[in-house]
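What you see is a predicted model; the values in this text were computed from it and never measured.
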Amino acid sequence: MTLRRHFLLTVTLGLTLGCAGAKPTATPSAEPGALERVALVHGGAGPWAVAGYRMGDYALQQLGLPRGSFKLEVIHHSPAKVQYTCVADGAAAATGASLGKLNLSLETTPSPEDVATTFRNRDTGQSLTLRPSASFVQRFRDVPREKLGEAGRVVLTLPDADVFETVAL
């Protein structure tokens with residue numbers, strides 16, 4: 001990716017906290033360009049990366065931050081295995097967080113059951129931790145490579161609660 005393209009992506013990418021353990025209830029607006037943004041950052045738009053995008057987009061709304069904000073910190077917790085780490089790339093595509101801006105990090109966990117992403121407003125300390133919902137994990141675990149794009153398009157259209165849920169801390 002060229003520096004200019006990375007800059008443009010960072011500039012063009014963009015939360016009131018719900019109760020802990022609450023499931024988001026909104027249905028996505030199928031934002032134009034979402035799959036392209038995910039693919040630009042991740043190299044494809046499979047279901048786990050699109051789930052991360054959906055989580056990041058929701059988190060920005062809840063924290064009241066725009067895409068590309070340096071005030072946002074994103075910490076993704078997962079095993080160091082493709083599929084689970086794809087969520088971090090999707091979150092980066094939605095929020096504009098990056099390793100270079102020092103506001104995106106990965107903390108490895110031993111179990112897939114520990115997959116979760118924390119979004120925090122550095123100025124206010126307000127944070128939100130989201131994880132893939134049980135129904136999402138069951139439906140999209142180990143999707144064959146040739147079906148990843150199709151599955152990613154499906155994830156973009158599902159209600160939030162079918163994709164992710166809030167983690168009670």
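- Here the straight-line distance linking atom OG of S135 with atom CZ of F164 works out to 11.5 Å at 0.5 Å rounding.
- Smallest separation of non-hydrogen atoms from A116 and V167: CB-CG2, 4.4 Å.
- A 4.5 Å side-chain heavy-atom check between V115 and P79 finds at least one atom pair inside the cut-off.
- Across every non-hydrogen atom of T117 and V87, the tightest pair is OG1-CG1, 3.7 Å.
- Residue T118 forms a side chain to side chain contact (heavy atoms under 4.5 Å, CB included) with just one option from H76, H77, E73, and that option is H77.
- Residues L65 and F70 are not in side-chain contact: their nearest non-hydrogen atoms beyond the backbone lie 4.5 Å or more apart.
- Counting only residues at least two apart or in different chains, salt bridge (Lys or Arg N to Asp or Glu O under 4.0 Å) contacts with residues 129-146 comprise R131-E165.
- Side chain of W48 to main chain of G90: no donor-acceptor pair is present (N/O by atom type, distance under 3.5 Å, no hydrogens or angles).
- To the nearest 0.5 angstrom, F136 atom CZ is 12.5 Å from D160 atom CG.
- Shown here for R54 and T157, the closest heavy-atom pair between the two residues is NH1-N, 4.4 Å.
- Using a 4.5 Å heavy-atom threshold, the side chains of T108 and S78 count as separate.
- When every heavy atom of L72 is checked against every heavy atom of T95, the shortest pair comes out as CD2-CB, 3.4 Å.
- Taking hydrophobic clusters as Ile, Leu, Val, Met, Phe, Trp and Tyr residues chained together by side-chain heavy-atom distances below 4.5 Å, V137 shares a cluster with L158.
- In terms of heavy atoms, V74 sits closest to A91 at CG1-CB, 4.3 Å.
- Going from atom OH of Y53 over to atom CG of D89 covers 14.0 Å, rounded to the nearest 0.5 Å.
- Both Y58 and L156 are members of a single hydrophobic cluster when ILVMFWY side chains are connected at heavy-atom separations under 4.5 Å.
- Sorted by first then second residue, the salt bridge (Lys or Arg N to Asp or Glu O under 4.0 Å) pairs that include residues 105-116, not counting sequence neighbours, number zero.
- Separating the CD1 atom in I75 from the CG atom in N103 is a distance of 10.5 Å, to the nearest 0.5 Å.
- The side-chain heavy atoms of L148 and P47, taken from C-beta on, include a pair separated by under 4.5 Å.
- D123 CG to S69 OG: the interatomic distance, rounded to the nearest 0.5 Å, is 7.5 Å.
- Contact record, G68 with K101: O-NZ, 3.2 Å, taken as the closest heavy-atom pair.
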